[in-house]
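Proteins come first, then strands; the chains are lettered A, B, ... in the order of their sequence lines, and each starts at number 1. Nothing here was measured: the structure is a model prediction, and the numbers come from that model.
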Protein chains: 2
Amino acid sequence: MEKVDVFDLIERMSALIRSEERKKCTELGLQPVHLQVMDYLSRCNRYSDTPAALTNYLGMTRGTVSQTLLLLEKKGYIKKTADVNDRRMVHLSLLVDGDTILNKARPTDLYSQASTIFNENESQENVFVNALTALQKANKSQSFGLCKTCKYFTITSDGFVCGLTKERLSQIDSEKICQEHTVS
Amino acid sequence: MEKVDVFDLIERMSALIRSEERKKCTELGLQPVHLQVMDYLSRCNRYSDTPAALTNYLGMTRGTVSQTLLLLEKKGYIKKTADVNDRRMVHLSLLVDGDTILNKARPTDLYSQASTIFNENESQENVFVNALTALQKANKSQSFGLCKTCKYFTITSDGFVCGLTKERLSQIDSEKICQEHTVS
DNA sequence: TCAATTAAGTATCGAATCGATATTGATAAC
DNA sequence: GTTATCAATATCGATTCGATACTTAATTGA
């Protein structure tokens, strides 16, 4: 077992996961990437709900993400809203239909398989998190962590505040994924 | 960090690896999957050099693999040979040009990144191997291990023998990937 | 013996993805 | 102001991949 084969292992795992996901998705008339997008939108904050952030998160090209979003919009699962300050930007949000189908798709056999794989010990999860972080660093990609674990996350007498945007953050905000997430 | 997100982590790692590989590949006029195929062919034994085994190894569909092989054949990188016993089967082999381009593509930045990720301790690699094995088991896919680590691998006074096919195995055979690989 | 079944591989079509280019809006320089 | 530059996104052609149907060959089982 040589070190260099780890990439090969990851790619093969991904292929297996995808083919398994595809089975579930075809019943709903979707592709795996569509669920990934909607799952992300359900878990990201207002700084990270743009096509650009999605592109970065998924590691795909802008063109591909744009096409995916068009399809999801046409199906009535997501909505695009122009930014009021910067009209180049688009904010994405999950519509009710999208949320419904996402919840229908989520609890699958995949999850029971996952627990089978990772029932031994907790530290195994960290290996995957660390590996992804290292890859993102090598790729100059953001880490996409939870808001409340960011170094700019600040607790004041007034509540939570983002040290980057200086804006106030609700409890719910702090639990979401942020593309600007920074560690240490 | 919930357990169920591990699949998401793996898919995102794979996406990053692919986009990185793609950069190297486009220079050579190839796709990531083409290198995967040729790499596999350079490392598999005579029981595992068929389109069906490749399909299983890569987790793709037969049709997709067939297309990929057609292209590689047209480019003169691989060769197809009909099986003498079972004329449904095709054996694949890497041609000189294929081997050349494979070696040109192999030593990339990816490998130095890999060592960065896994320089801490050896046991991390096992986490990935175990995860893939668990997924393959859930997917009823073969494990594709090295011949000499298979439970049917036998050492006789005459040399190495495969307990399944009863055929003799050379030193080189024993170092290759076999689709019939069985553990314990 | 011969029809049914299974397996390996191929062909075709549509959807998904990539890469390049174009478009639009914001920002900076002059 | 006007122009240059950059950033965010959209558009388009080419390619890849998956689903399905099909061909050919081996196997099974009355």
Return the set of residues passing side-chain hydrogen bond (donor to acceptor under 3.5 Å, both in side chains) with [X] (not counting sequence neighbours), or none when no residue passes.
X        : answer
B:Thr68  : none
A:Glu180 : none
B:Asp97  : none
A:Gln179 : none

Report summary line: Note: chain B reaches DNA chain C at heavy-atom distances under 4.0 Å over the stretch, first to last nt, 5' to 3', of C:dA7 to C:dG19
Query raised in the report: Distance only, no hydrogens: is a donor on one side chain within 3.5 Å (strictly under) of an acceptor on the other, for B:Thr165 and B:Tyr47?
Result: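 A pair is found: one side chain offers a donor N or O, the other an acceptor, under 3.5 Å apart.
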Query - Pairs flagged by ring pair (Phe, Tyr, Trp, His ring centres under 6.0 Å) wherever residues 80-99 of chain B is involved - sequence neighbours left out - result: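 Qualifying pairs: none.
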Query raised in the report: Restricting to pairs with a member in residues 50-70 of chain B, which pass ring pair (Phe, Tyr, Trp, His ring centres under 6.0 Å), not counting sequence neighbours?
Result: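 As it turns out, the ring pair (Phe, Tyr, Trp, His ring centres under 6.0 Å) pairs with a partner in residues 50-70 of chain B, which skip direct neighbours, are B:Tyr40-B:Tyr57, B:Tyr57-B:Phe144.
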Report task. Would you list the pairs meeting salt bridge (charged side-chain N to carboxylate O under 4.0 Å, His left out) in which at least one residue belongs to residues 68-82 of chain A, sequence neighbours left out? Result -> A:Glu73-A:Lys80
**Report entry** Residue pairs involving residues 44-59 of chain A (criterion salt bridge (charged side-chain N to carboxylate O under 4.0 Å, His left out); sequence neighbours excluded)
**Finding:**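 Counting only pairs at least two positions apart or across chains, the salt bridge (charged side-chain N to carboxylate O under 4.0 Å, His left out) contacts touching residues 44-59 of chain A are A:Arg46-A:Glu167, A:Arg46-A:Asp173.
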What integer distance in Å separates [X]:[atom1] from [N]:[atom2]?
X       : N      : atom1 : atom2 : answer
A:Met60 : D:dT16 : CE    : P     : 17 Å
A:Arg87 : D:dC6  : CZ    : C1'   : 18 Å
A:Lys24 : D:dG18 : NZ    : C1'   : 18 Å

Query raised in the report: If we fit an axis to the first five pairs and another to the last five of the helix from C:dT1-D:dA30 to C:dC30-D:dG1, what angle do they make, to the nearest 10°?
Result: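 End-to-end axis angle for the helix from C:dT1-D:dA30 to C:dC30-D:dG1: 10°, rounded to 10°.
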Query - Most 5' of A:Val33 and A:Val84 on DNA chain C, judged by nearest nucleotide - result: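 Nearer the 5' end of the strand: A:Val33.
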Query raised in the report: Does a side-chain N or O from A:Ser19 land closer than 4.0 Å to OP1 or OP2 of D:dG18, or not?
Result: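 No, no such contact exists.
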Taking only nitrogen or oxygen atoms into account, show me every contact under 3.5 Å that the protein makes with nucleotides 7-14 of chain D, one pair per line with its distance.
residue : atom : partner : partner atom : Å
D:dA7   : O4'  : A:Arg88 : NH1          : 3.1
D:dT9   : OP1  : A:Val90 : N            : 3.2
D:dT9   : OP2  : A:Ala52 : N            : 2.9
D:dA10  : OP1  : A:Lys80 : NZ           : 3.1
D:dA10  : OP2  : A:Ser66 : OG           : 3.3

Query - A:Asp83 bridged to A:Arg87 by N-O distance under 4.0 Å - result: no
Requested in this report: With heavy atoms under 4.0 Å as the rule, sort A:Asp83 into base, sugar-phosphate or nothing.
Outcome: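 Result for A:Asp83 = nothing.
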Query raised in the report: Under the salt bridge (charged side-chain N to carboxylate O under 4.0 Å, His left out) test, which residues partner A:Asp86, sequence neighbours left out?
Result: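 With sequence neighbours excluded, A:Asp86 shows a salt bridge (charged side-chain N to carboxylate O under 4.0 Å, His left out) to A:Arg88, given in chain and number order.
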